[in-house]
Protein chains: 2
Amino acid sequence: MSPRAGQTKKRTRIQAINEEKIVEAALEIFATFGFRGTTIDQIAQKAEMSKPNLLYYFRRKEDIYISVLRRTLEEWLTPLTALNPKGDPLEEISKYTALKLEMSRKNPTASRLFANEILHGAPMIEDVLKGSLKQLVDEKAAVIGNWVKEGKLAQVDPYHLIFMIWATTQHYADFKVQMHAILGKTVDAPDYYEQAGTTINAIFLEGLKPRS
Amino acid sequence: MSPRAGQTKKRTRIQAINEEKIVEAALEIFATFGFRGTTIDQIAQKAEMSKPNLLYYFRRKEDIYISVLRRTLEEWLTPLTALNPKGDPLEEISKYTALKLEMSRKNPTASRLFANEILHGAPMIEDVLKGSLKQLVDEKAAVIGNWVKEGKLAQVDPYHLIFMIWATTQHYADFKVQMHAILGKTVDAPDYYEQAGTTINAIFLEGLKPRS
DNA sequence: TTATTTCCTGACCATTTGGTCAAGTTAACG
DNA sequence: CGTTAACTTGACCAAATGGTCAGGAAATAA
């Protein structure tokens, strides 16, 4: 019988190994070529496995994609969870921003996969977005809203602020190619992300107005 | 003989009309499904034209795509051109940001098309990015750099600032679906983009630190 | 009007690709 | 060791899709 990945049916050793191999290979391919642009053969090849064998673990291409997406999404949202209502507001936001930027640097593939899905209307994860994601964001937006009310932050809309942080940091993963084209090899320099972080942080905290 | 779109061969009346119809239809389809995800049939249907007829004007799918991309890219970069070295720095940047946000609102399709291309490695427009785009950005980054030197702006890296502006504003087009999922119907509210603009501007100018 | 060029279409083709299946191989377990 | 269940594969299929082509319809020019 087929193992039906994702079920709780007592996974075999080989099953665990192979599913892991497939999902890992699929992440990179999907992120690069998108869902339609990816062929099962490509994934199979990268996972060092025959196509029928791959399809033994995941019955449909869509199943692999969803599996990869869910795993990525989970990882992707972790930093926001860490935003601490009891911490210092400016510091918390700085930390969160730095963490997101760090993720864009270390795992741009995940960011691109996610961006691609959203860009195409998020057909596979609409429910997650409207469910757990919305819930988490609502919660953290409330925290930020309180900080604003208490006068610990400038008067800004919490949701738009969160969007701004996402946009700014993920841009370094999603639009890497463009940055590379504009800046030349600088992008690979070790201090590139450091400089990005400094600039982002400066603007988020102090804004562009010069202080004398 | 085939008309070979893009050539300077004395375009007929019908040719002009149909090429326009095709490119316009293609923009929306490509932006929604990506290059690989789009079928010629889809474009033909949207352009109210048979597939062979469409292929009479554009020999290959790629030709349509490139045509759409180039046209979009050009429009997309116009606002940056308007950044005036002799204007007031903060005002110029505010204006530019507002303009980009406005474009994201009015023409999200173009933004998504572009984002999609970059995300997939920009295989078709690498030369443009490294050419005219780089040139333009270099020029404007120098302008901003001067403002910083003159003490009219806070100490920030001009390139990263430009990236931040792009990221923040385009996010409203590219990640619209996600925002919609999180905020509910609010996204369609008339004051939604106004609120976005206010927040973005406030942060870019003043930062998050509360001022008493 | 007539000749010529441009435009348009149905039918067709080759390739790609998601997915199946019967049969063989390997691992696990008693 | 033997039996059973899990795993693997080559061969195959149907549908989708990019693209061609010969010939007909419509403009346009003479």
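Here is the naming used below: chain letters follow the sequence lines, and residue numbers restart at 1 for every chain.
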When you measure from the side-chain N and O atoms of A/Asn18 to the phosphate of D/dT8, is any distance below 4.0 Å, counting only OP1 and OP2? yes
It should be established whether A/Tyr56 places a side-chain nitrogen or oxygen under 4.0 Å from OP1 or OP2 of nucleotide D/dC7. yes
Is the shortest side-chain N/O distance from A/Gln15 to OP1 or OP2 of D/dC7 below 4.0 Å? yes
Is the distance from OP1 or OP2 of D/dT8 to the nearest side-chain N or O of A/Tyr57 less than 4.0 Å? yes
Nearest-Å distance, CD (B/Glu19) to P (C/dT6)? 14 Å
B/Glu92/B/Lys95 ion pair, N-O < 4.0 Å: yes
Is any side-chain N or O of A/Thr12 closer than 4.0 Å to OP1 or OP2 of D/dC7? yes
More than 12 foreign heavy atoms under 6.0 Å from CD of A/Gln42: is that the case here? yes
Could you tell me how far apart B/Leu54 (CG) and C/dC8 (C1') are, to the nearest whole angstrom? 12 Å
Nearest-angstrom distance from the residue atom CZ of B/Phe35 to P of D/dT17: 14 Å
C/dG19 P sits how many Å from A/Gln42 CD, rounded? 15 Å
Contact under 4.0 Å: B/Ser50 side-chain N or O vs C/dT9 OP1/OP2: yes
Whole angstroms only, please: what is the NZ-P distance between A/Lys61 and C/dT20? 14 Å
Using atom CD1 of A/Ile14 as one end and atom P of C/dC29 as the other, report the distance to the nearest whole Å. 11 Å
B/Asp63 bridged to B/Arg60 by N-O distance under 4.0 Å: yes
Between atom CD1 in B/Ile43 and atom C1' in D/dT17, what is the gap in whole Å? 12 Å
Between B/Asn53 and C/dT9, is there a side-chain N or O to OP1/OP2 distance below 4.0 Å? yes
Using only heavy-atom distances, determine whether the side chains of B/Thr199 and A/Asp157 contain a donor-acceptor pair under 3.5 Å. no
Counting only side-chain nitrogens and oxygens, does A/Arg13 get under 4.0 Å of the OP1 or OP2 atom of D/dC7? no
Return the 5'-most residue of the pair A/Lys51, A/Arg36 with respect to DNA chain D, ranking by each residue's nearest nucleotide. A/Lys51
Quick one: do B/Lys21 and B/Glu24 make a salt bridge, cutoff under 4.0 Å? no
Of the options D/dC7, D/dG19, D/dT9, whose atoms approach the side-chain atoms of A/Pro52 most closely? D/dT9
A/Leu55 has an atom CG; how far is it from atom P of D/dG10, in whole Å? 14 Å
